[in-house]
Undergrad: 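Here it is, the structure, as structure tokens.
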Amino acid sequence: MAEGLKSGAEHERRLSAGEPALWQQVVEQLGTALAVIDPAGRIVAVNQAAERLLQRAAGSVYGRDLHDLCHRDPGGALIPRERCPLLRALAERRAARGDDDRCLRGDGRLVPISWSATPLADGVSGVCLGMVVLIVETAADRRAGRERAERAEQSERVERAERAAHRSALESLAERLTLVAEITDVLGQTLDVDEALTRLSRVLVPRLADWAAVDLRVGSRQVHRVAVTGPEGRAAGQEDWRGHLPPVGEATHSPLVQVLNEGAPVLQERVDLDAPPDSPLASVHDAFLGAIGAASAITVPLGSRRQVTGALTLVRTDPARPFDTGDLDVAGDIGRRVGLVIDNARRFGRQRAVAEAMQRNLLPPLPAHGRFQLAARYQPAPPGSQVGGDWYDAFALRDGTLALVIGDVVGHDLTAAAGMAQLHGILRSLAWDHAEPTGAVVDRLDDAMHAITIVRMATLVLARVEGPDTGPWTLHWTSAGHPPPLLLTPDGSAQYLEAGQGLILGTDPCAGDPRPSAAHALPPRSTLLLYTDGLIEVPGSDLTRGLSRLRRHALALAHEPLDILCDQLAARTPLGSTDDVALLALRLPVP
């Protein structure tokens, strides 16, 4: 640690609020004794000042009960545990203090102390992890052995002020750490850039700043101000600063230009804000700061020095509460995290666009097959979710029978989309010229899948519609772990065809145990719906409710033209769904 704190004559090093070294230095170099105890009162950490006060090495006190080891009353007797204010505060998970106790040191001496304790809570779950205990010796003569208590009123006020300052410093440190942890959690909940910046602004204002502005690079020199957030009660026109800004020029004295070009954070005090602008971009930025009455500002890069995605500007308008270097460290850490989220979101967006385009292009056009009506829809997952491996297919077999397929490859990425294309082609080949039960075709697909595709697991329904042009017609199908087909009949009923269910593809069913096939009559003017689970399933919800909802919606649309029925069902994807949807519909003619 000593090497990390060498003077600027050797090298400079900026500390970040997110670096463990910063907090270690704060604790180690704190002039006041500090001990950390667990929920049972056992010592888990002490700083150097505590070792000096206790006259005990750190290694000799770890795991020992702080109260039993050194906490005594003014007469030197061990305080009963049930009357100890420190232990009561620990049990009740609250702050506490004591001003007239004694500490039994390792050399056997008793020294007067005052102490204050603050609970430590997990920033995510809120579970109490223990307490931080600050211990201050209150004896007057430290050099003579610190044996007599400090009685002078002035010294008492000084010591109280010192304790208050230390408590304030720890509270400020805890608040900053909590803010960084909360922002990390907020940014991790979405891959949508606009949503991430909106959530970020709600946390930063007013917790850390009165105003916040986010600028993103668009190309090599262009800058776009994508977000401006101010306090409640702001003037309505003061947020009209979003949009394209002047290009980033060469190196200037403007903090925004410096941050975008060099990636180093900048703290502006009142005197810095009064400096005249030296570039068009600086003029626009200074006008914004002037309009909102900035008294202190911080501008930090989004991303790292090597790759600056944009800049985050935080503003305080109260001259009595300017930013300090600690705020700069916290803002710099936040900027790095935001830049990482933006880079990931852009990368994800590019991959998602490729996967969606690939999937749409691989889905086949529907055939014209006699008097049957066919319609299909593919709806990608909502923004922020990945594209999956859902697909549909309809094609004529060698004997003229119409085959229908709906399937879902496990996974949500380009690999799933590519696997869908492989499975789609192989199933067509296996089904085209084999007049065997649908279960046998799917069994052969399962046998071949691991050898000639990249698909690990998948679900599907393979169906054949058999019968002459004038009817009657029969549906023969097999389901490999897929949601059941839904049959809507002209009499106003809706029935899930739950027979023919087998294991999903890729689970290696036992040899000699063929998949089942099922058959069901298809009445004239009836409608058959094949669909993927994105149409009925929301994470954490009841699948039965999803099936009931689909049945209800489908019945209400049963007499609509097939295209309208498909459009309406796709539009009613359950709220909260993160999956894509494939839907294939068949309507039987009138004989």
Side-chain angles (χ1 to χ4, degrees), residues 12 14 193-194 197 200-201 204-206 208-231 234-319 321-336 338-339 342-343:
E12 290 186 355
R14 290 185 179 275
V193 173
D194 292 339
L197 296 179
L200 171 69
S201 299
L204 290 176
V205 177
L208 185 60
D210 300 317
W211 286 84
V214 179
D215 303 314
L216 295 183
R217 281 185 173 275
V218 183
S220 60
R221 294 171 58 85
Q222 189 63 51
V223 180
H224 189 78
R225 179 153 289 175
V226 297
V228 177
T229 303
R234 58 192 176 275
Q238 287 184 325
E239 280 192 319
D240 295 336
W241 294 93
R242 291 183 290 266
H244 287 292
L245 302 183
V248 179
E250 299 301 324
T252 71
H253 297 295
S254 165
L256 180 57
V257 177
Q258 290 181 31
V259 167
L260 291 172
N261 282 337
E262 302 171 16
V266 177
L267 170 61
Q268 290 178 276
E269 300 177 345
R270 178 68 261 179
V271 63
D272 302 315
L273 294 169
D274 293 333
D278 56 359
S279 73
L281 179 56
S283 297
V284 173
H285 189 59
D286 287 0
F288 163 69
L289 296 178
I292 63 176
S296 178
I298 285 176
T299 305
V300 298
L302 302 180
S304 63
R305 282 178 177 264
R306 292 180 297 176
Q307 184 175 359
V308 178
T309 303
L312 169 66
T313 299
L314 303 176
V315 179
R316 286 181 180 170
T317 57
D318 184 359
R321 197 174 66 97
F323 287 116
D324 58 25
T325 54
D327 297 316
L328 186 66
D329 290 334
V330 172
D333 190 23
I334 293 171
R336 284 191 291 274
V338 175
I342 292 173
D343 289 342

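Note that these values count all heavy atoms, side chains included, but never hydrogens, waters or copies made by symmetry.
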Undergrad: So, applying side-chain contact (heavy atoms from CB on, under 4.5 Å) with L302, which one of V214, D215, L260 is it?
TA: V214
Undergrad: So which atom in R316 and which in P322 form the shortest heavy-atom distance, rounded to 0.1 Å?
TA: NH1-O, 3.3 Å
Undergrad: Kindly give the heavy-atom pair with the smallest separation between L314 and A331, and that separation in Å.
TA: CD1-CB, 3.9 Å
Undergrad: Kindly give the heavy-atom pair with the smallest separation between V205 and T229, and that separation in Å.
TA: CG2-O, 4.0 Å
Undergrad: Heavy atoms only: give me the nearest G230-W211 pair and the separation to one decimal.
TA: CA-CE3, 3.3 Å
Undergrad: If every non-hydrogen atom of V300 is compared with every non-hydrogen atom of P265, which pair is closest and at what distance?
TA: CG1-CB, 3.6 Å
Undergrad: Among V259, T313, L328, exactly one meets side-chain contact (heavy atoms from CB on, under 4.5 Å) together with I298. Which residue is that?
TA: L328
Undergrad: Give the C-alpha distance, both sets of side-chain angles, the deciding distance and a yes or no for side chain to side chain contact (heavy atoms under 4.5 Å, CB included) between S296 and D324.
TA: CA-CA 9 Å; S296 178; D324 58 25; over 6 Å; no
Undergrad: For a quick test of reading the model, state the closest non-hydrogen atom pair linking A264 to P301 and the distance between them.
TA: C-CD, 4.3 Å
Undergrad: Using the salt bridge (Lys or Arg N to Asp or Glu O under 4.0 Å) criterion, which residues pair with D210? Sequence neighbours excluded.
TA: R321
